[in-house]
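Throughout, numbering of the chain's residues begins at 1 and tracks the sequence.
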Amino acid sequence: FVCNPGNGIDPMKDAMARGSSSRGFTLVEVILTLMAAGILSVFFVNFMGASLDFSWKSVEIVTSEAETEGKMEEIIAYSTSKINEDPDTALATVVSNYNGQSINDILVTTQYIEFNASGDEIDPSPSLSSVLKVSAKGPSNELVMILTESRDTGDPAVRY
């Protein structure tokens with residue numbers, strides 16, 4: 001059956017008269033689609049809700065690491081300035097200003113060390129050592145650096 005606009009038959013009335021329509025969704029299809037979307041959204045919210053509960057830990061860890069690195073940079077800058085002033089007392093000054101210091105949950109410890117012939121750490125007498133091990137321990141990480149009396153008073157100043 002071909003519908004020709006010139007023959008006087010209205011296509012909409014003809015489709016309604018036959019009882020079938022090719023346009024839109026039925027009420028059953030809409031209800032089933034909404035039910036499926038609801039079930040999927042429950043699973044999605046449940047999964048994402050658990051992930052969001054623990055997402056703050058990542059931010060806290062990164063913040064802690066940045067603060068620990070900042071503290072180490074501060075110690076390096078201080079050590080460099082003290083070496084520029086007097087290399088012979090620079091390490092002792094770092095120890096007196098930072099050993100046992102705890103700021104923002106970052107504990108700084110210092111220890112004079114030496115290395116034996118096989119490269120193992122040994123604990124020397126502080127007056128004999130020219131090597132200082134500095135540790136900054138934050139809640140989620142620990143950074144360690146080695147400071148030395150690496151210059152003489154005649155060397156040019158180091159800019160940091």
Linking Ile, Leu, Val, Met, Phe, Trp and Tyr through side-chain heavy atoms less than 4.5 Å apart, which residues share a cluster with [X]?
X	result
Ile31	Leu27, Met35
Phe43	Ile39
Val62	none
Val28	Leu32

Test side chain to side chain contact (heavy atoms under 4.5 Å, CB included) applied to [X] - qualifying residues, sequence neighbours left out:
X	answer
Ile146	Ile113, Val131, Lys133, Thr148
Ile103	Lys71, Gln101
Glu69	Leu143
Val42	none

query = In a check of side chain to side chain contact (heavy atoms under 4.5 Å, CB included) between Leu147 and each of Thr80, Leu91, Ile83, which one passes?
reply =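 Single pass found, and it is Leu91.
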
If every non-hydrogen atom of [X] is compared with every non-hydrogen atom of [Y], which pair is closest and at what distance?
X	Y	result
Ile122	Phe115	CG1-N, 4.2 Å
Thr68	Gly138	OG1-CA, 3.7 Å
Ser135	Glu142	CB-OE2, 3.6 Å
Glu65	Ser140	CG-OG, 3.8 Å

Which residues pass the side-chain hydrogen bond (donor to acceptor under 3.5 Å, both in side chains) test with [X], not counting sequence neighbours?
X	result
Ser79	none
Lys82	Glu85
Ser41	none
Asn97	Tyr78

ask   = Taking a hydrophobic cluster as the set of Ile, Leu, Val, Met, Phe, Trp and Tyr residues connected by side-chain heavy atoms closer than 4.5 Å, whether directly or through intermediates, do Met72 and Leu132 fall within one such cluster?
value =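 Yes, one cluster joins them.
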
task = Determine, using the 4.5 Å side-chain heavy-atom cutoff (strictly less than), whether Val95 and Met145 are members of one ILVMFWY cluster.
result =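 Yes, Val95 connects to Met145 through the hydrophobic network.
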
message = Just so I know, are the side chains of Thr109 and Asn99 near enough to count as touching, which here means a heavy-atom distance under 4.5 Å?
response =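 Yes, at least one pair of side-chain atoms sits under 4.5 Å.
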
ask   = Counting N and O atoms only, with roles assigned by atom type, does the side chain of Ser64 sit under 3.5 Å from a partner on the main chain of Glu60, one being a donor and the other an acceptor?
value =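 Pair absent, no side-chain N/O of Ser64 close to backbone of Glu60.
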
message = Treating Thr89 as the side-chain partner and Ala92 as the backbone partner, does any N or O pair qualify as donor plus acceptor under 3.5 Å?
response =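 Checked: no pair found.
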
